[in-house]
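Quick caveat: nothing in here was measured; it's all calculated off a predicted structure. Letters go in sequence order (proteins before strands), and every chain restarts at 1.
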Number of protein chains: 2
Amino acid sequence: MGRVLVIEDDERIGRLVTRALEGGGLLTERASSGSAGLDAALRRDFDLVVLDLMLPGLDGRQVLDQLRERRPEQPVLVLSAVPEISTRVAVLEAGAADFLGKPFAVAELLARVRARMRPAPGGDGGRWLRIGPVHLDLHRRRVTVDGVRVELPLREFLLLQHLMTRAGRPCSRDELLADVWGLHFDPGSNVVDVSVRRLRGRLDRADRIETVRGVGYAYAAD
Amino acid sequence: MGRVLVIEDDERIGRLVTRALEGGGLLTERASSGSAGLDAALRRDFDLVVLDLMLPGLDGRQVLDQLRERRPEQPVLVLSAVPEISTRVAVLEAGAADFLGKPFAVAELLARVRARMRPAPGGDGGRWLRIGPVHLDLHRRRVTVDGVRVELPLREFLLLQHLMTRAGRPCSRDELLADVWGLHFDPGSNVVDVSVRRLRGRLDRADRIETVRGVGYAYAAD
DNA sequence: ACCGTTCATGACGAGGCCGTCATCCGACCG
DNA sequence: CGGTCGGATGACGGCCTCGTCATGAACGGT
């Protein structure tokens, strides 16, 4: 479950925000001043920090700068009543992951928070793929089944990757042709079927590819 | 340098956006319809897609859905004149990385685009490798030189990856044999040399592999 | 300038990848 | 139970990959 730190001095808005986030299934923590917030952010791990710009004592901008300095990988979503474009730009350039002006709709805040907490596109959100005994390393293009290495040719690896990332959902031949083969038209042959067969053969007993009649193939979800 | 695809049918806004992004040091490409944009996004690699919601033919929302379906890791920033909060929320929940309402300030757009292209917070673990014009995608095992795809066989890709991650440092043949070939002994042949040659040939003018006499090879640091 | 060492280069060929096709089989329907 | 359609299977072959070797070129020390 995601953990969010809310740094906001205004009691009313603070409540509003934490309520909204908790309603969205997130764990929240609250800090009412810049220094307390910075402290909490440095001491513990949060998936996201929601930071108000106008704060007593240590200013929100200073908190952001400190955070970027001492924990550059920490994503921060900045809230602010300041409407100027220059402020937004400055905050984003300073490293904030997102900016939302006040007044804001809680639904939009929640949606933006969620967007920021999604598995990072290039990050390790994609390096490893594991379902049951089958384990893919996307970087090294390696497969192990029950810890034993299995050599897969390129096409079969891409095919397996596509199916596993969409486990439980059937994938049409067209979809596979487009993503695995890069073909945006039907080559008029059963390449997909043949490749699936070869892949099945190589996975042997670990094979979890199901054929969905009239549609395509699906990897059995966990 | 970052590569951005702008999908926008309005000629004026399209110009405005691409100009702004190029002014910010980004490479842009333009598509004037949903289907053309989707096509380009699927066929080539972009660091970010800027997508207008209102498009002729294939709607922006459909483009987003297709993209999420077929290339879930592709970050998308949605532009829209629709002011409703529900639209923003729906778009973000549908997987867009960001949302910016029209009319917008080009400065803010540029700042948001940059924010989305920053290395992913979770430590992107090295999905992308880029030195000068040569760009590796470790997940997709793809190489582009000046944005143009170059097909590399497995061995040559691994070799290039090893050298680029250690750019500026010479790598001995033993080291390469161990990491790229998995051989912990000398096979008594010049496999490494031959593979380097082939790789050089394929990189052509972009080749930055230097031979370090008596040691091995090194990729020229940036 | 000479010569040994190191690297570059071109050619060869076994093996594997992968697209195609023809045929077989099993599922679903009447 | 027979027909039809979609998928499974086995075989074939072109092409690419990649390890090997022989030879030529470049370097560096004396």
Starting from C1' on D:dT17, measure out to CG on B:Leu199 and report it in whole angstrom.
14 Å
Residues which pass salt bridge (charged side-chain N to carboxylate O under 4.0 Å, His left out) with A:Glu151, listed by chain and number, not counting sequence neighbours:
A:Arg149
Its contact letters, B for base, S for sugar-phosphate only and - for none at protein heavy atoms under 4.0 Å, make nucleotides 11-17 of chain C read B-----S
Toward the 5' end of DNA chain D, which comes first, B:Glu156 or A:Asp193, by nearest nucleotide?
A:Asp193
When the distance from CG of A:Asp174 to P of D:dG6 is rounded to whole Å, what number comes out?
14 Å
What is the separation between atom CZ on A:Phe185 and atom C1' on C:dG19, rounded to the nearest whole Å?
12 Å
Any chance you could lay out the salt bridge (charged side-chain N to carboxylate O under 4.0 Å, His left out) test for B:Asp98 and A:Arg112, step after step, and finish with the verdict?
CA-CA 8 Å; B:Asp98 202 347; A:Arg112 282 186 181 272; 2.7 Å; yes
For A:Asp207 and D:dT9, what is the distance between atoms CG and P respectively, to the nearest whole Å?
10 Å
Tell me, please, which residues at least two apart from B:Glu93 pass salt bridge (charged side-chain N to carboxylate O under 4.0 Å, His left out).
A:Arg114
Rounding to the nearest 10°, end axes of the helix from C:dA1-D:dT30 to C:dG30-D:dC1 built from five pairs each make an angle of 30°
If only side-chain N and O atoms of B:Tyr217 are considered, is one of them under 4.0 Å from the OP1 or OP2 phosphate oxygen of C:dT6?
no
Would you say C:dT6 has OP1 or OP2 under 4.0 Å from some side-chain N or O of B:Arg173?
no
Indicate yes or no for a side-chain donor-acceptor contact from A:Arg166 to the backbone of A:Gln161 under 3.5 Å, with no hydrogens or angles considered.
no
Rounded to the nearest Å, what distance is computed from the CG atom of residue B:Leu159 to the C1' atom of nucleotide D:dG19?
14 Å
Can you give one letter per nucleotide of nucleotides 23-30 of chain D, going 5' to 3': B for a protein heavy atom under 4.0 Å from the base, S for sugar-phosphate only, - for none?
---BBS--
Rounding to an integer number of Å, can you tell me how far B:Leu176 CG sits from D:dG19 C1'?
16 Å
Nucleotide D:dG19, atom P - distance to CG of B:Asp186 in whole Å
13 Å
Within the modelled atom types, does a donor on one side and an acceptor on the other bring the side chain of B:Asn190 and the base of C:dT6 under 3.5 Å apart?
no
For the side chain of B:Asp47 and the backbone of B:Arg3, is there at least one donor-acceptor N/O pair under 3.5 Å apart?
yes
I'd like to know if the side chain of A:Arg142 and the backbone of A:Leu152 have a donor-acceptor N/O pair within less than 3.5 Å.
no
B:Arg173 side chain vs B:Val191 backbone, donor-acceptor pair below 3.5 Å
no
Would you say the side chain of B:Lys102 lies within less than 4.5 Å of the side chain of B:Ile13, judging by non-hydrogen atoms?
yes
Is the distance from OP1 or OP2 of D:dG19 to the nearest side-chain N or O of B:Trp181 less than 4.0 Å?
yes
Give the nucleotide from the list D:dG7, D:dT20, C:dG10 with an atom nearest to the side chain of B:Arg197.
C:dG10
Would B:Tyr217 and B:Leu159 count as a side-chain contact (heavy atoms from CB on, under 4.5 Å) here? Give the steps.
CA-CA 10 Å; B:Tyr217 299 91; B:Leu159 180 57; over 6 Å; no
Run the salt bridge (charged side-chain N to carboxylate O under 4.0 Å, His left out) test against A:Arg213 and tell me which residues pass, sequence neighbours left out.
none
Pick one: which of B:Asp65, B:Leu58, B:Val63 meets side chain to side chain contact (heavy atoms under 4.5 Å, CB included) with B:Arg61?
B:Asp65
When you measure from the side chain of A:Thr165 to the backbone N and O of A:His162, does any donor-acceptor pair fall under 3.5 Å?
yes
